[in-house]
Structure formats: structure tokens, C-alpha cells
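Per chain, numbering begins at 1; letters A, B, ... match sequence-line order. Computed from heavy atoms alone, side chains included, the values below leave out hydrogens, waters and symmetry copies.
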Protein chains: 2
Amino acid sequence: MDTKTALLDSAETIARQRGFDGFSYADLSAAVGIRKASIHHHFQTKAILGQAMMERYRISFDDALSEVKRGTNSAADRLRGYVGLYQDALQGGKTICLCVALSSDRNSLDDATLNEISRFHAMSLAWLETLFDDAKSDGSIKSVMDSKLEAAQCLALVEGAQLMAHAQHDVDVFISATELLLARVSA
Amino acid sequence: MDTKTALLDSAETIARQRGFDGFSYADLSAAVGIRKASIHHHFQTKAILGQAMMERYRISFDDALSEVKRGTNSAADRLRGYVGLYQDALQGGKTICLCVALSSDRNSLDDATLNEISRFHAMSLAWLETLFDDAKSDGSIKSVMDSKLEAAQCLALVEGAQLMAHAQHDVDVFISATELLLARVSA
DNA sequence: CCATGCCAACCTACTAACAGGTAGGTTTGC
DNA sequence: GCAAACCTACCTGTTAGTAGGTTGGCATGG
């Protein structure tokens, strides 16, 4: 496999378990099998690696969202798919969404990476807003209020649920926290 | 002021801005005005300091919750007070709840501190569950479902809203994310 | 077809800064 | 005179990052 991709893969895996400050070039070196110094050949600084990692994550998450949209018919199903993405990302409580993981260590990130996080949020909010707009039309989600606010609430909820579930290494925490949201569609 | 208290104050302030990995004994030394080595006289290890910090935070938050309960008459007012606590803790987006801050760096925490985080969650959930139980009686919050689930959802929401608001250093993100929750009481 | 040059990819060996923590001595106030 | 509180000076390990050399494959020109 391409070394650069392997580095991004390992960095993402560890970052999603331990945060941005939680992985070092030494960790990556061990995981990928090249010397620490050689990593700098692919990513000159950790900041550059961080940005590349977050950018790739945002794009692949965007793809996943498109996939959810393509594979569902109602807004309700789409919401189930969305929450499912976050639940899957938990992997039993051991890992979290990269965006949540990096948000925590915001002080060690450079502006470019922070900007990627903002773009991730904006992308998610726009996707959710469309979802709730559609829900108003197809009536598949109960008592939808302002779509923008529904989107903001929904994103904060899944991110917070992930954070808590990860803190306790228990996916049930996530399930409980999102149950009422999903109850608005499954009744 | 008591040096030990000053150390806890500084540690909490920095931890709430930058996380547990985000502050060092050197930082505390500079903030409090004693030498790095002297800090070990008060807190032998950083793990001990972390636990003491989280324990103190949990207790003082418990007090704040009691205060909210004492100062309000309806479940609705209590919920407003609760969300207000989290919004105040943001201080414009610069700091977050210590529990959210430490949850992020869970891998650098020892078991005692993780346990404090669990106790914080349990305490919050119990308090919120009572709140929603009372809301069912006094009818001051719209369409309350299962109280346990409402509590889990509410806690995840405010923690997630804090995380996002902090990531973007913008308190409005918190306000948007919690607006619909508060709309259930202010209508 | 082979010599030359070139460059990406990797290496060893190092640095300066910083982390948490320790050993052991000094100050200060009851 | 004793102990809590603080100090200087140090240690070991880890961090991101750098300097500079080696390797191996590919393209070009004779």
C-alpha cells in the first residue's frame, strides 16, 4: 500500500482513540514500519499531517453522507442512517469521530486544521438542514421545528453522545442519548 | 490564598481551556508563583492532581445544581438554569466544563480520575431525571417522554454543544444547539 | 544496450525543548 | 527544634524536527 495513505490511516486510527496530542511520529513509525524521520518526507510537520488527515476525513464523511442519501427514501430513514454512522464510528466505545477527537485538542491545532473542522461542521449542518426540510415535506419525522436549529441540535447531540460514550468506553451511553431522537422517526 | 487551592484553581482554568494534556507543572509554576518541584509537595503526581481537580469540580457543580434547584419553582425554570450553567461555563467559547475537557483526554487519565468523570455523569443524569420527572407532574416542559432518556439526551446535548462552541470559539454555536430544548419550556 | 544523472524514498544520528518526577538542602513560623 | 513549605539542581524519557548520507528505480543520451 501507498506509504502516505498508510500513514494517514494509522494517524487517523490513533487520533480517533487518543486525540491529536495522543499520537506521535514514533507511534506512526512503529505502526507503519518506516523510521520516524522518514515520515517527515511525506508530511513535513505534524500540523500538515493533521490538516491532511482532517481534510481526508471530511471528504470521506461527505461521501458517506451521500451514500446514506442515495440508499434511503424518507427523511426518517436518512436520520437513522446518520445516527448509525456515528454509532458505527464509535466501534464499541473505543474510537470516536475524528472531528470530535480533534475538537478536544483545539489548542494544539493550527489554523488550517481548525478551518477543516469548521468546514466539517458546516457540511454536516447543511446536510442535516436539508434532511429536516425534507422531513417537513414527507412528514416522516415528528414535530419538526426550525430546520437550522434541528440540525444544530442534532449535530451537538451525536457529538456529545460520542464523547460521553468514549469517556466510559460504553456504546450503550450513545444509544441511550440518541434514543429519543430516533423515537421521533420510528413510532 | 492557600497554595493548594491556588494550584487547583490554575490547573482547572488551564485544563478547561486546553485539556488535561494541555497543562504542565511548568505552567502551574508560572501561574502560581512557586517552583515546579514545589508543586509535588502538594500533589505528588499529576494523576493525583487530576483526580483532586475533578473531584472538587464535581462537588462544586453539585452545589451549583442544588443552588439552581433552590432558586427555582418549576421544572422549566430548573432546565433553563441548568443550560445556563453550561453556557456560563463556556465564557464566550474560551473554556468548557472540566468534565468535557477531561473526557477528551481520557487516555492520559488514571482510573481514579476516570471514575470521577463517571460519578459526574451519574450525578448529572440523576439530577436531570428528577427534573424531567417533576416536569411530568407540573407540566412545565412540553412532551416529556421517558425521564431517563430525556436526561441522557439533555446531558449529551449540552456537552456536545460546548465542545462545538469551544472548537469554534463561538458561544452562538452553543446557543443555537440548545435553542429547541429551551423552546420546549419557554413557549 | 548500457552509462549517466536524477530524484523520491528511505535511512542513521542528532538536536533543543519540554515532560513528569526525584534528591536533598534551606527557609519560615509555630 | 521541628515540620511544612519551598528551593536548586538534576534525571530520564519523549517530543517534533533537522542534517546529511544511502538506495533503487526510471529516464535520457551516446
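The interatomic distance linking Leu28(B) (CG) with dC6(D) (P) rounds to 14 Å, in whole Å. Here dT12(C) presents its P atom at 12 Å from CD1 of Ile34(A), a figure rounded to the nearest Å. Distance, Lys4(B) NZ to dA4(D) P: 12 Å, rounded to whole Å. At whole-Å resolution of the value, CD1 in Ile39(A) and P in dT18(D) are 14 Å apart. A straight line from CZ of Arg35(A) to P of dT22(D) spans 17 Å, rounded to a whole angstrom.
Counting heavy atoms from C-beta outward, Ile96(A) and Gln91(A) have side chains that stay 4.5 Å or more apart.
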Could you go through residues 171-182 of chain B and list every donor-acceptor pair under 3.5 Å that involves a side-chain atom there, pairing it with any protein atom two or more places apart or in another chain?
from	atom 1	to	atom 2	distance (Å)
Ser176(B)	OG	Asp172(B)	O	3.1
Thr178(B)	OG1	Phe174(B)	O	2.9
Thr178(B)	OG1	Ile175(B)	O	3.3

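At the phosphate of dA5(D), neither OP1 nor OP2 sits under 4.0 Å from any side-chain N or O atom of Ser38(B). Between His42(A) and dC10(C) there is a side-chain polar atom (N or O) within less than 4.0 angstrom of OP1 or OP2. For His41(B) and dA5(D), the shortest distance from a side-chain N or O to OP1 or OP2 is below 4.0 Å. Put simply, Thr3(B) has a side-chain N or O that comes within less than 4.0 Å of OP1 or OP2 on dC6(D). Close to dT15(D), at under 4.0 Å from its OP1 or OP2, lies a side-chain N or O of Ser24(A).
Distance check: Ile141(B) CD1 to Asp134(B) CG gives 9.0 Å after rounding to the nearest 0.5 Å. From Met53(A), atom CE reaches atom CG of Asp9(A) across 11.5 Å, with rounding to the nearest 0.5 Å. For the atom pair CD of Gln44(A) and CD1 of Ile39(A), the computed distance is 14.0 Å after rounding to the nearest 0.5 Å.
For the pair Lys46(A) and Phe23(A), the cation sits on the ring face: its NZ or CZ lies under 6.0 Å from the ring centre, inside 45° of the axis.
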Contact state string [nucleotides 21-30 of chain C, B base, S sugar-phosphate only, - no protein heavy atom under 4.0 Å]:
BB--------
